[in-house]
Each structure stands twice: as C-alpha cells, then as structure tokens.
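The sequence lines fix the lettering, A, B, ..., with proteins before strands; numbering per chain opens at 1.
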Amino acid sequence: MEGGRKSDKESLFTEVKFTCPRCGSDQIIKDPNTGELVCASCGLILSTGMVDTDKDWRAFDADEYMDRAHTGAPVTPTRSGYGLDSDIAMTSGLSRKSVQTLRRTHRHVSDAREKAVEPALRKIRLAAETLNLPPETVEDAAMLYRKAAGEGLVKGRSMDAMVAAVIYAACRRTDVPRSLEEVASLFNLKEKEVGRSFRFLFRKLGIRIPPPKPENFVYAICAKLGLPERVATQAIRILKIARQQGATMGREPVGVAAAAIYMASQEFGEHKTQRELAQAAGVTEVTVRNRYKELLAKVHKLWLEQLPEDLKKQMASFRESAEGQ
DNA sequence: AAGACGAAAGTGGTTGA
DNA sequence: TCAACAACTTTCGTCTT
C-alpha cells in the first residue's frame with residue numbers, strides 16, 4: 001500500500017481520548033466546523049449529549065434528599081426478569097400458607113414467561129458483542145423480542161431469524177449502521193430470510209422504521225479509506241442537500257453515501273477511485289458512478305454555493321498541494 | 001495503463017391486479 | 001400467482017489523461 005503518503009496526511013482520528021459510550025470504540029472524530037465529536041464506528045454524536053452519570057433529581061434539604069434518592073440495580077430488558085427479581089415477603093396480615101401460595105403462583109407465571117425468552121435474549125447479547133453494538137441498541141432489540149414473544153409472533157418460527165430480525169430492527173431504530181448482510185451472516189442465515197422476518201415483525205407490531213440515512217455510513221466508509229474528517233464532514237453536508245433535493249429517494253443509502261464521499265474527496269484533492277469507494281461501501285463501481293452523476297446534476301452546485309469562502313479557499317489549496325505531488 | 005464513463009443485458013425484490 | 005417495474009449488478013467497449 002502507499003504507506004509513505006499516509007504520514008503527512010492529516011490523521012482521521014485527531015487525538016481525542018474519548019471512547020464511544022455506545023459501542024466502546026475509541027475512533028472518535030472531531031467535526032472542525034461544529035466541534036461535535038462523532039464516533040467513526042457507530043456514528044453516534046458524542047459532544048452534544050455526553051453521558052451524565054450524575055443524579056437525575058435535585059434536593060434542597062436533607063429530608064428531600066432522603067425522599068428522592070433511589071438506588072438499586074438498573075432495569076434492563078436484556079436480562080430475564082428485566083435484571084430484577086421480586087419476591088413476596090412474609091409480612092404480617094397474611095398467613096404463612098397464603099404467602100407460600102402467592103409465591104408459588106408468582107414464580108410460576110413469571111418463570112414461564114421468562115424461560116421462554118431467555119435463550120433468545122442470550123443470543124441477542126452474544127450477537128451484540130460480536131457486532132459491537134451499543135447498550136441502547138441491545139436493549140431495544142431485547143425489548144422488541146419481548147414484544148414479539150408477548151404477541152405470540154415467535155411461535156413456530158426460527159428463533160435465529162427472529163433474533164436477527166430484532167437486532168437489525170434495533171440497529172435501524174437507533175441509527176447504528178449495520179447491514180442486513182452483517183446481521184444475517186452472524187446467524188448463518190440468508191439476507192432474504194432475515195429480511196422476511198424483519199418485515200413480518202414490524203408489520204405485525206405496527207412499528208414504523210424509517211429507511212437508514214446515508215449519513216450513517218459516511219464515517220465508517222471514510223475510516224476504511226483513511227480519508228480525513230473534513231471529507232466526511234462535507235460528504236454529510238452534500239447528503240443533507242441531496243435529501244432536500246430528493247436525490248436520495250429510492251436509492252440505496254450506502255451507495256449515495258459513497259458517491260457523496262467521492263465528490264467531497266475530489267474537491268479536497270484526496271483522490272480515491274470510484275472502485276475504492278465502491279469496495280469500501282460494498283456496492284459496485286457503476287452504482288457509485290450513477291449516484292455521483294445524480295449528485296453532480298442536483299447537488300454539486302448548491303453545495304458549493306453554500307460553502308463559506310474560507311473553506312472554499314482551503315479546498316483549493318488542498319487540491320493544489322495534491323496536484324503538486 | 002489506469003481510471004472514468006456509458007450502454008446493454010441480467011438479477012432479485014416489490015407492487016398491484 | 002404473475003407481470004410490470006425500478007434499482008442494482010455484471011460485463012464490456014470507448015474515451016481521456
């Protein structure tokens with residue numbers, strides 16, 4: 001590979017020593033224009049909503065403090081019993097015998113439900129680890145599975161396909177860019193099978209899942225190609241205009257993303273071939289080319305017009321120094 | 001020679017009758 | 001169930017640098 005050039009190229013990962021609270025990746029990129037910190041792995045914007053580990057309540061005197069304090073194990077749908085166990089105490093007012101009866105009934109009902117979903121939840125947790133999913137996504141997947149199981153949609157279907165489907169759905173709902181192919185192959189399933197379960201699920205549950213945004217794929221593709229953050233930032237600008245212009249409708253989001261990156265990289269003199277972009281995005285050269293053509297027609301001019309003067313000059317100088325090499 | 005571009009034919013999914 | 005359709009892929013030839 002062209003190892004020599006890489007050192008004088010601006011590093012994609014500026015020395016930010018954060019790790020992503022969602023996926024744990026340390027590939028955090030800083031957007032020079034907005035100052036936002038973005039995770040290159042899962043696309044989460046960090047700086048506008050850093051995790052607040054403080055209390056979620058305030059107290060103005062000691063009594064209030066005692067009153068409002070609540071602690072204990074976090075509630076999570078990813079574990080059976082939501083990570084909580086409940087029991088019925090031997091309190092006064094009830095005979096020993098009725099407490100025992102109550103306990104037995106309670107255990108019977110909750111155990112039966114929990115036992116039914118436990119293997120699936122275990123699979124979800126395992127898959128999440130391999131796919132490097134943030135907790136938010138894992139919880140959503142677990143929640144969806146519980147909902148599906150609760151409505152009897154799981155019976156008689158392949159558990160793996162259902163688990164894969166809820167994981168994919170959760171990724172979509174929480175803006176984590178994982179492809180159907182990635183999720184399906186983890187379970188040795190075909191895209192088609194998972195896709196079918198996915199559609200069945202959200203049709204039956206009445207859940208609306210918007211198509212993935214092309215922006216979600218930008219940082220992952222740029223990271224694969226070692227493109228600097230300024231290219232990623234502008235690609236996202238291009239994609240925002242593209243959406244306003246209706247240039248993303250009905251198009252494969254990842255293909256549009258690749259084309260936008262191609263466009264931005266050219267303006268910055270960061271030459272990558274259409275083939276390289278296509279490979280990084282997992283589409284063909286022709287798709288990149290066609291999306292690029294559409295972006296040229298509908299977006300390119302608007303994008304350049306909206307750019308601040310100093311950034312235009314910056315682009316020109318980057319292009320010149322690239323040509324000089 | 002490498003990369004960009006375009007045309008033509010084929011593929012697999014979706015939609016509506 | 002089937003045909004029509006849109007988006008995408010594969011393949012290949014031509015043009016440009």
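- B:dG3 atom C1' lies 12 Å from atom NE2 of A:H271, rounded to whole Å.
- For B:dC5, one of the phosphate oxygens OP1 or OP2 lies less than 4.0 angstrom from a side-chain nitrogen or oxygen of A:Q274.
- Between A:R199 and the phosphate of B:dT14, there is a side-chain N or O to OP1/OP2 separation shorter than 4.0 Å.
- A donor-acceptor pair under 3.5 Å is absent between the side-chain atoms of A:R178 and the main chain of A:Y168, judged by distance alone.
- Atom P of nucleotide C:dT10 and atom CG of A:N290 are separated by 13 Å, given to the nearest angstrom.
- The distance from atom CE of A:M249 to atom C1' of C:dA6 is 13 Å, rounded to the nearest whole Å.
- The side chain of A:T273 lies closest to B:dA4 when the candidates are C:dC8, B:dA4, B:dG6.
- Here A:E229 contributes atom CD and A:I236 contributes atom CD1; the two are 11.0 Å apart, rounded to the nearest 0.5 Å.
- Contact between the side-chain N/O atoms of A:K293 and the OP1/OP2 oxygens of B:dG6 is found at a separation under 4.0 Å.
- Within the nucleic acid shown, A:E252 comes within 4.0 Å of sugar-phosphate atoms alone, with no base atom in reach, counting heavy atoms only.
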Going through the checks in order, is the salt bridge (Lys or Arg N to Asp or Glu O under 4.0 Å) test met by A:R319 and A:E267?
CA-CA 7 Å; A:R319 268 202 311 275; A:E267 294 292 337; 3.1 Å; yes

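- The distance between atom CZ of A:R289 and atom C1' of C:dG13, rounded to the nearest whole Å, is 12 Å.
- In this entry the distance linking CG of A:L277 with C1' of B:dA2 reads 16 Å, nearest Å.
- Atom NZ in A:K272 sits about 17 Å away from atom C1' in B:dA4, given to the nearest Å.
- Comparing C:dT11, B:dC5, B:dA4 against the side chain of A:V286 picks out C:dT11 as the nearest.
- Between A:Y262 and B:dA4 there is a side-chain N or O to OP1 or OP2 distance below 4.0 Å.
- Here the C1' atom of nucleotide B:dG13 and the CZ atom of A:R251 are 16 Å apart, to the nearest Å.
- Nucleic acid contact class of A:G195 (heavy atoms, under 4.0 Å, all strands): none.
- Checked for salt-bridge contact, A:E118 and A:R122 meet the test: a charged N lies under 4.0 Å from a carboxylate O.
- In this structure, A:R196 places its CZ atom 15 Å from P of B:dG12, rounding to the nearest Å.
- None of A:H300, A:Q266, A:Q274 except one satisfies the side-chain hydrogen bond (donor to acceptor under 3.5 Å, both in side chains) rule with A:Y292; the exception is A:Q266.
- Pair assignment for C:dC8 gives B:dG10, based on Watson-Crick or G-U wobble hydrogen-bonding distances that are each under 3.5 Å.
- One finds no side-chain N or O of A:R291 lying less than 4.0 angstrom from the OP1 or OP2 phosphate oxygen of C:dA7.
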